[in-house]
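These notes are about the structure you will find just below.
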Amino acid sequence: DKTTSKIRSIITTDTQGKVLISIEIKEYENNLPRHIVYTWFEENKIMEFKFINPKTGNKSNPKLWEMPNMEQETDMGIE
């Protein structure tokens, strides 16, 4: 957005220009994204984030980033 200097959307395309993924920032609060929508067009999937109180410099618990211990795992690299 040239008037506010804020990013409103980002797209990723293939070599023919077909849009594969879009990221839209629907709302800002205090110059930080508050509402973000990710769209994967080929998979027909959408992931939406709405932050209650967006802010920077937060410390997060490293335990929250650990992979869960799962009994059934799928190796996506094997067909």
Side-chain angles (χ1 to χ4, degrees):
D1 185 335
K2 290 182 181 182
T3 59
T4 63
S5 299
K6 293 180 182 175
I7 295 173
R8 292 290 176 194
S9 64
I10 300 169
I11 60 170
T12 301
T13 64
D14 65 13
T15 55
Q16 285 75 41
K18 178 182 173 187
V19 177
L20 303 174
I21 303 166
S22 74
I23 303 167
E24 300 172 79
I25 301 174
K26 300 284 194 177
E27 183 182 348
Y28 280 89
E29 182 178 304
N30 299 322
N31 290 321
L32 295 171
R34 179 184 164 103
H35 182 188
I36 306 170
V37 178
Y38 291 81
T39 305
W40 289 267
F41 291 94
E42 288 186 0
E43 295 83 2
N44 195 28
K45 300 290 181 193
I46 295 174
M47 184 168 51
E48 185 172 8
F49 294 95
K50 290 184 180 180
F51 300 104
I52 296 168
N53 183 22
K55 56 186 172 180
T56 60
N58 295 331
K59 293 186 179 187
S60 61
N61 183 343
K63 290 273 188 197
L64 298 175
W65 296 97
E66 291 179 6
M67 290 292 291
N69 183 11
M70 297 178 64
E71 300 271 330
Q72 290 182 310
E73 293 183 10
T74 303
D75 187 343
M76 301 300 282
I78 298 176
E79 293 183 30

Q. Just wondering, are more than 12 heavy atoms of other shown residues or ligands nearer than 6.0 Å to CG in L64?
A. yes

Could you check if a side-chain atom of E42 sits within less than 4.5 angstrom of a side-chain atom of K18, using non-hydrogen atoms only? yes

Taken to the nearest 0.5 Å, the spacing of R34 CZ from N53 CG works out to 8.5 Å

Taking side chain as C-beta onward, heavy atoms only, is E24 less than 4.5 Å from H35?
-> no

**Request:** With side-chain contact (heavy atoms from CB on, under 4.5 Å) as the test, would you mind laying out the steps for N30 and K55 before giving the verdict?
**Result:** CA-CA 8 Å; N30 299 322; K55 56 186 172 180; over 6 Å; no

Residues W40 and I21: closest non-hydrogen pair is CD1-CG1, 3.6 Å

Within a 6.0 Å radius of atom CG on N44, are there more than 12 heavy atoms belonging to other residues, nucleotides or ligands?
no

From the list T12, T39, D14, I11, side chain to side chain contact (heavy atoms under 4.5 Å, CB included) with V19 holds only for I11

Across all chains, not counting sequence neighbours, the side chain to side chain contact (heavy atoms under 4.5 Å, CB included) partners of Y28 are K6, I7, R8, I25, P33

Notebook entry, point to check: Do the side chains of I23 and L20 join up, straight or via other hydrophobic residues, at under 4.5 Å, putting them in one cluster?
Noted result: yes

Would you check if K45 and M47 make a side-chain contact, meaning some heavy-atom pair closer than 4.5 Å? no

